[in-house]
**Student:** 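My structure is below; once you've seen it, I'll send some questions.
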Amino acid sequence: MIRLNNVVARYTTVRGSINAVDGVTLEIPDGCILGVAGESGCGKSTLMKLIYGDVTSPMSLASGSIEYGFADGKGRAITSDNIRDVWFNRISYIPQSSMNSLNPVVKIGKQFVDFPGSDPDKKRVLAQVREYIGKLGLPAETLDAYPHQLSGGMRQRVMIAMATFFSPDLILADEPTTALDVVVQKDILLLLMDLQEQMGNTILLVSHDMGVHYQVTTRMLIMYAAKAVEYGDSESVFQAPLHPYTRMLISSLPTIGDDRARDGIPGRPPSLWQDLHGCRFADRCPLATARCRAEEPMLVEHKPGHWAACHYAGELADRAEAA
Amino acid sequence: MAVILKTTGLNKVYRLGSFTRSREIRALNDINIHVESDRPVIVSVVGESGSGKTTLAKTLLRLVEPSSGTATIYDNVVAGKGVTKLGRDFLGAVQPIFQNPFEAFSRYRPVDAYLHETATRVAGLDKAQANDAVAEALAAVGLDAVDVRGKYTNQFSGGELQRVSIARALIPKPNLIIADEPVSMIDASRRMIIINLFRKLKEEAGRSFLYITHDLATAYYISDFVAVMSKGTLVEFGPAKEVMSNPQHSYTRLLLDSIPTTRTRWRPRAAKAA
Amino acid sequence: MSDIRDTAVSPADLAASEATPEAKPVRRDRASWLWLLNTRLVLGLIIILIFIVGSFVLPFFAPHDPAQQATYMKNLKITPAHWLGTTALGQDTLWFLIFSIRNSLILGIFVGLGISAISTAIGLSAGYIGGAYERIVMLIVDSFITIPLLPILIILGALIRGNNNFFTIGLIIVIFGWAWNARTIRSMVLSLREREFINMARFSGAGTLAILVREVFPYVSAYLVVGFINTILFAINTEATLAVIGMSKVDVPTLGSIIFWALNYNALFTGNVVWLVAPIVATITLFLGLFLTSTGFNAAFASRRGVA
Amino acid sequence: MGVLQYVGKRVGIYLAVLFIGLTVTFFLPRLLPTNPIDAYIGQLQARANGQLTSEAIAQLRTSLEELYGLKGDLFSQYLSYLNRVVRHLDFGPSFTYYPTSVSSMILTALPWTLGLLLISTIIAWILGNLVGVVAGYFHTRRAATVLEVVGILLYPIPYYILAVSVILLLAYVIPIFPLSPTFPVGQLTPQMFGSIIYNSTLPALTLVLAGFGWNILSMKALAVATTEEPYVTFARLKGTSNWTRMVRYVFRNAMLPQVTALALSLGTVFNGALLTEILFSYPGVGLLMRTAASSGDYDVLYGAITLSIVAVATAGLIIDLVYPLLDPRIRHR
């Protein structure tokens, strides 16, 4: 169980500071694939950095705390302070620009063992890795190749191999398949799902593509303008979204074989530089009332295991049931 | 029935390496497309990266010289023998929309300068007529001339800037607008604004579009015809609804199956434990 | 494909992309001239201004032409009459230094203009036209970069021993000194040629000349300023190097000839150390000023283009 | 396959550059008003204080033209010049030290120059880049800017000022080194080696300081850019130490463009070496050219410039051929 207690991630720049993640409280059960969705700039990538513990200036964990619920090799409970010691051991990260996240002038094999998390006996580890990557559809000689000799799909498999070799408790994947073609993307996503099933650990997947979330995730978190607006089981979030933003996000995507008219969400997220109050989606929300603009809706459990931050989420739930 | 777009035996071969040992990359491999219709149409060219769809677009825009074969848009020969002079008549007939709106305008010039230039230089209007044409084109894409005058690229969002780029292409009232991945740089939730705009311009302004994309769902949504390309060859071409609902070529089927839709899951969900 | 431009990668991008673009325009108008000022540029400009104003204005007040020898007693120490003493040839060291700076700057600016003009024309045309023309030009550029300039200047100095004046030295430096800048401008233009807004301009009816002037030039102009200042540095340095080894017209006071005379008349042995130290300090300060200005401009232009 | 192509292209450029260099040094003196033969005759007349009769002068002119291949029309001269230089490296005899051949004089001086040049350039390159990568990698920290300031102060200072300042400081104010260095001539024996090192420290130091500043600044800029690369960020997320990232990720990648930059800068570095030799009267090609220029021994000058071009172009070629060994992307196409 990973617990986020009202975490706030702040960016301090020369022009002042903004909260890229503004008070998120969440409990992530173990053994699930949590999808994090939202428009670009909503704070989803910042949340990932926060959970991974990659907090370097100008970003800082302004308030709140994270409890990871798993321990390191020596039995010490992991917290935000000592998370770095277990990077690529108990927790790992799959970066977005996987295409050039490998050192172009060093062989792949060497990059598997040049970090402290791995076992000091490099030869033994490399032998195990050579056998392990076979399971991920990579030929053994990949380890002796240089990154530029591999295709995009293969490089992404290497990244996944690196991130899963030590079977960590938590894997964070930030848009892992964005740069890949749709055919290769499917194989990679299926591979991630298989590995999660075998290891039984937790994967946090950030993607802007709701289709990817529908296919892969078991739980969904929707973010908007640095706030968590909906959180719950993927099935119910897709079938009966409680928050108007989620509803519009899902309905704005054209689907092959479905001729219903689709239109994008007009307007733009509010600038985080202004001081915002009330519901941040109010300007773009068809259901917005005076109450929405005045009072900020909290993330409330309107249905068992299904949270939403909208004053009218309850009515939407009943109306959905009635329909 | 006017011939909107016709390519016969269009080839493009890139030679890599020096004179001793050269590797050939066949970017376009004997492309034969024939689009005839009396109403304006939207033709989509779909395929993955490296399929040659962008090379095809650049060839039709005469930004790339084809190795062989011919291509015509309405009565303009744009590639191969008898190519019409690269002058105002070509620019009047074919206009582009580029992928990254922030790259399509110089950082040092106000965005509306390009619109006025197109109006005066390509459409051949005088100063006053040009201002009206610019205002009219901006209105067609849902923008007001005053929001755009004298502004620079960093004062717009991606979506707004792409609409300005579309307005610019509308001014000379071209026969065909070639849009190369026009929405891939726009936020997923706001793409449909641009896609619906294309449909509206086709129906109301009577513009035909060549829509280059790797996103089959948007292609399905707005196009009349679809051309599927793979590794430089045209594997399938036909009415959009037909090609997408029962694809003939195995590659098209593979492409359609791989799209992560929100309708049917690749893997049925085990009974949910929690 | 996600909205790549907006998807946050580095913290700086993120702060910018988390905030929607409306916030930026306000900063842009108010600070339109502010982006120019950074510490390096200010420091550099101050130094250069002092040198230019000093060396172009003061000569009008000079009591005698410092190049004329034996106007004063030899090797006088620093006195209120001669702030830097006199040289072994009976010239006032300070006035000789001021005239040297002026002449060197004149040569530097002329050669700078000459080289900038040639290198821009060649670099711009080679980069933009490309093809066989570019290959030939770049071959010549590569060989000019390989040919060491000093030996050539020594040969020409020896051959036209008699009447090599200031102007011919400058001309030779221009003939052999344009390659570096041409190479840089060409690579900049090459990368610009692929940019999308060039195609956009072409489809808006712009001709080649209009594209070069309106689209390419603003991006290249930043480097031209930096390149011009670097060329002044290069020109003064080259002439001075020739003068120090006596191959240039040494009776014209320049930052090189002053040191030539100091070395030839054994300033060190005769204890007239000031005669050597003063030009060294002056040259270092001037060159530092020029260098700070050019890197200051570079940083200012880079931040304006968003390439911090 | 990639390397063959790379080498082929690079050797092609090398030959073309040599050809252009030779052509320029051939035509350059001929475009100028004065003719070396008249100068030679002038000097002979001065030596024979005017007793030479007109036929003697005419006879002298033909023999000199013969000797220096200045007979016939310009183009045949050019061909014979190329033939002599490329095939036999023969630039004719030296005028002042007749009959010793120009090429022998240069070939004795060249090893001195190359020795000084190569050692100091390599030291400057290695030291400068190491300091530069530290300054670039830690550019957000105050301390790193101190390193950059060293680069800023050193880089703009021209060679001749560095040389004179070094003499001033280390030979006059703190007289550790000789004010006018003396170098043993003739056969190199082991015990002479010590004195050579001692005397050539100052010129070497000048060249190192000159190259040092440039390498710091250019490597710092490259290191700052490389640190932003995704593979360095990912290395950080893997928990690698600062040291591993700086050396194996940033330096290993950022030094590649520095190798090419070194090849390109050889022309200017060679200039600096020639000048430093003259100021320190170090017995290299520079000094040879200086004395030949003042004594009007033109063919030594032509020989020296031609060999300088060959040396610089060859050094550039060697560095570019080393490049594929450092960059696997070229080694394994």
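Proteins get letters first, then strands, A, B, ... in listed order; numbering begins at 1 in each. Computed from a predicted structure; not experimentally measured.
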**Student:** For D:Ile161 versus C:Pro279, what's the shortest heavy-atom pair and its separation?
**Tutor:**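 Looking at all heavy atoms of both residues, the shortest contact is CD1-O, 4.4 Å.
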**Student:** Between D:Ala304 and chain C, which part of the residue has a heavy atom less than 4.5 Å away: side chain, backbone, both or neither?
**Tutor:**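 No part of it gets close to chain C.
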**Student:** Short question: side chain of C:Asn237, backbone of D:Pro158 - any donor-acceptor pair under 3.5 Å?
**Tutor:** no
**Student:** Taking the side chain as C-beta and beyond, is there a heavy-atom pair between C:Leu276 and D:Tyr172 under 4.5 Å?
**Tutor:** no
**Student:** Of all of D:Ile152, D:Leu168, D:Ile309, D:Leu274, which one pairs up most often with chain C through heavy atoms under 4.5 Å apart?
**Tutor:**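 Greatest number of close heavy-atom pairs with chain C: D:Ile152.
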**Student:** CD1 of D:Ile13 to CZ of C:Arg135: how many Å apart, nearest 0.5 Å?
**Tutor:**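 Rounded to the nearest 0.5 Å, the CD1-CZ separation comes to 11.0 Å.
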**Student:** Considering all heavy atoms of both residues, which atom of C:Leu150 and which atom of D:Leu275 are nearest to each other, and what is their separation?
**Tutor:**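 Taking every non-hydrogen atom into account, CD2-N, 3.9 Å.
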**Student:** Can you confirm whether C:Tyr265 is buried at OH, in the sense that more than 12 heavy atoms of other residues, nucleotides or ligands lie under 6.0 Å from that atom?
**Tutor:**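 No - once you tally the heavy atoms of other residues, nucleotides and ligands closer than 6.0 Å, there are 12 at most.
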**Student:** Among C:Thr283, C:Leu263, C:Ile245, whose side-chain contact (heavy atoms from CB on, under 4.5 Å) with D:Tyr160 holds?
**Tutor:**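 Exactly one candidate clears the test, C:Thr283.
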**Student:** Name the region of C:Leu255, side chain, backbone, both or neither, that has any atom closer than 4.5 Å to a heavy atom of chain D.
**Tutor:**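 Interface part for C:Leu255: both.
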**Student:** Identify the heavy atoms of D:Ile305 and C:Pro148 that sit nearest to each other, and give their distance.
**Tutor:** CD1-O, 4.2 Å
**Student:** Where on D:Leu153 is there a heavy atom nearer than 4.5 Å to chain C: the side chain, the backbone, both, or neither?
**Tutor:** both
**Student:** With only heavy atoms counted, which part of D:Tyr155 is less than 4.5 Å from chain C, the side chain, the backbone, both or neither?
**Tutor:**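 D:Tyr155 touches chain C through side-chain heavy atoms alone.
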**Student:** Select one option (side chain, backbone, both, neither) describing which atoms of C:Phe176 are under 4.5 Å from chain D's heavy atoms.
**Tutor:**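 Just its side chain gets close to chain D.
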**Student:** With rounding to the nearest 0.5 Å, note down the distance linking OG1 in D:Thr268 to CG in C:Leu149.
**Tutor:**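 It comes to 10.0 Å.
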**Student:** Report the distance from atom CD1 of D:Ile157 to atom CG of C:Leu288, rounding to the nearest 0.5 Å.
**Tutor:**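 Taking CD1 in D:Ile157 and CG in C:Leu288, the distance rounds to 7.5 Å.
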**Student:** What part of C:Ile145 lies closer than 4.5 angstrom to a heavy atom of chain D: side chain, backbone, both or neither?
**Tutor:**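 C:Ile145 touches chain D through backbone and side-chain heavy atoms alike.
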**Student:** Rounded to the nearest 0.5 Å, how far does OG of D:Ser308 lie from CD1 of C:Ile147?
**Tutor:**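 Atom-to-atom, C:Ile147:CD1 and D:Ser308:OG are 10.5 Å apart.
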**Student:** Taking side chain as everything from C-beta outward and backbone as N, CA, C, O, which of these in D:Val24 sits under 4.5 Å from a heavy atom of chain C? Side chain, backbone, both or neither.
**Tutor:** side chain
**Student:** Using a cut-off of 6.0 Å, state whether more than 12 heavy atoms not belonging to C:Phe167 lie near its atom CZ.
**Tutor:** no
**Student:** To the nearest 0.5 Å, how far apart are CD1 in C:Ile152 and OG1 in D:Thr25?
**Tutor:**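 Rounded to the nearest 0.5 Å, the CD1-OG1 separation comes to 7.5 Å.
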**Student:** By a 4.5 Å heavy-atom criterion (distance strictly below it), what part of C:Phe291 contacts chain D: side chain, backbone, both, or neither?
**Tutor:**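 Contact with chain D involves the side chain of C:Phe291 alone.
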**Student:** Could you report the tightest heavy-atom contact between C:Pro151 and D:Asn271, atom names first, then the distance?
**Tutor:**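 Shortest heavy-atom separation between C:Pro151 and D:Asn271 comes out as CD-OD1, 3.7 Å.
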**Student:** Assess whether atom CH2 of C:Trp180 is packed by more than 12 heavy atoms of other residues, nucleotides or ligands within 6.0 Å.
**Tutor:** yes
